[in-house]
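First the structure, in the form of structure tokens, and then the observations on it.
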Amino acid sequence: MPKKLAAVLLLVASVSGCGEEPGFRATLTDPVNVELSWPDDDPNAAGRVVEYTTDPHGDYTILRFVPPRQTTYRHPDLIPETRFYYRIRPFYGAVSEAVTVSGPATPAASGPAVPLRSGDRAAAPGSFRAEPAPEEMVRFSWADHSSDEDGFLVEIRKPGAPDFQPVEMSDPGTTSAGLASLPGEEGSSYRLRAFYYGPASPVLDRTTGKG
């Protein structure tokens, strides 16, 4: 590859917004693949949500909720000659105790709903349970103890994995969710996080090349 072309492809995306996450970068590693990266600089974050749009005035689509130590995300096989806009947001919240499928439910807290932003552990979901469902599904249920969540995240730790990964998001105010069980997930542990978003990063944009 010519040096000039390689330099162009590795340019860091321009900043077209303002906010937190000053180390957020987007790199076009080849004509139709974008690599996003950011520093692991918020010890209080439960992770980050990666989002994109092709319309800077429209809604963003969630690509992935990533765990706290992950600092890169690859957006592959994009539409050629199209401008993509990216942002990330940290998320925070209180998490339930872990359960296994058909294991006992986590203890339920008592009392009124608690704001997540207060940092009170009583805002964590209670009575969280994972049960087998038809068609190789796992059905989750819980009690909502938070008053201001932006949603709920089911997190999984597969056998032998070092930590939990977010796998399913539910809307605020819900108390159940379903998830397809995939090969290799037998014996996994699950937990549930009531979460809220932090401030969005600057918006970065990259235009893909010819496919």
Side-chain angles (χ1 to χ4, degrees), residues 19-24 36-52 59-73 86-101 103-131 138-158 161-180 185 188-202:
E20 303 297 324
E21 304 286 4
F24 180 40
L36 305 173
S37 64
W38 54 89
D40 181 17
D41 58 359
D42 186 347
N44 297 315
R48 287 174 171 82
V49 56
V50 183
E51 303 172 304
Y52 87 100
D59 294 332
Y60 279 77
T61 298
I62 293 174
L63 287 169
R64 183 70 59 85
F65 282 86
V66 300
R69 303 285 78 84
Q70 183 173 332
T71 58
T72 61
Y73 181 82
Y86 297 94
R87 72 183 187 187
I88 58 173
R89 290 188 283 174
F91 63 90
Y92 308 87
V95 69
S96 73
E97 298 295 330
V99 300
T100 56
V101 176
T106 57
S110 59
V114 177
L116 279 173
R117 291 161 179 80
S118 71
D120 193 329
R121 272 289 303 160
S127 302
F128 181 51
R129 187 170 177 81
E131 299 177 289
V138 179
R139 187 72 177 171
F140 303 99
S141 61
W142 61 89
D144 180 3
H145 292 147
S146 52
S147 61
D148 58 348
E149 74 272 1
D150 287 326
F152 295 94
L153 283 176
V154 176
E155 301 177 353
I156 185 174
R157 184 170 64 193
K158 299 178 184 179
D163 208 346
F164 284 84
Q165 299 274 345
V167 288
E168 181 72 12
M169 184 185 78
S170 294
D171 291 334
T174 55
T175 56
S176 64
L179 181 68
E185 293 183 350
S188 294
S189 296
Y190 299 91
R191 66 186 187 186
L192 185 76
R193 184 181 302 276
F195 77 92
Y196 64 94
Y197 294 112
S201 70

Give the minimum heavy-atom separation between [X] and [Y], together with the two atoms involved.
X    : Y    : answer
S170 : S176 : OG-O, 4.1 Å
A98  : S189 : CB-CB, 4.4 Å
Y86  : Y60  : C-CE2, 4.5 Å
A194 : S146 : CB-OG, 3.7 Å
Y92  : N44  : CD2-O, 3.3 Å
P68  : A46  : CD-O, 3.1 Å

Test item: [X] and [Y] side chains (from C-beta on) under 4.5 Å apart, heavy atoms:
X    : Y    : value
L116 : F195 : no
W142 : V99  : no
S37  : T71  : no
D40  : R69  : yes
Y197 : V49  : yes

Ring centres under 6.0 angstrom apart (F152, F140): no
Find the distance between [atom1] ([X]) and [atom2] ([Y]) and round it off to the nearest 0.5 Å.
X    : Y    : atom1 : atom2 : result
T106 : L192 : OG1   : CG    : 8.5 Å
F128 : S141 : CZ    : OG    : 8.0 Å
F65  : R193 : CZ    : CZ    : 11.0 Å
R117 : Y196 : CZ    : OH    : 6.0 Å
M169 : T174 : CE    : OG1   : 9.5 Å
Q165 : S188 : CD    : OG    : 11.5 Å

Do D42 and R89 sit within salt-bridge range, that is, some charged N less than 4.0 Å from a carboxylate O? no
Any salt bridge linking R87 with E51? Criterion: basic side-chain nitrogen under 4.0 Å from a carboxylate oxygen. yes
Keeping the roles fixed (side chain from [X], backbone from [Y]), state whether a donor-acceptor pair exists under 3.5 Å.
X    : Y    : answer
S201 : I88  : yes
E185 : K158 : no
R121 : V95  : yes
D144 : T175 : no

Geometric cation-pi criterion R64 and Y73, 6.0 Å radius, 45° cone: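 The answer is no; the distance or angle limit is not met.
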Show the numbers, then the answer: is there a side chain to side chain contact (heavy atoms under 4.5 Å, CB included) between S96 and Y190? CA-CA 9 Å; S96 73; Y190 299 91; over 6 Å; no
Derivation and outcome, salt bridge (charged side-chain N to carboxylate O under 4.0 Å, His left out), residues R139 and E131: CA-CA 5 Å; R139 187 72 177 171; E131 299 177 289; over 6 Å; no
Does the pair D150 and F91 meet the rule for a side chain to side chain contact (heavy atoms under 4.5 Å, CB included), with working shown? CA-CA 9 Å; D150 287 326; F91 63 90; over 6 Å; no
Around E168, counting heavy atoms of other residues, nucleotides and ligands shown, do more than 12 lie under 6.0 Å from its CD?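 Buried by this count: over 12 neighbours within 6.0 Å.
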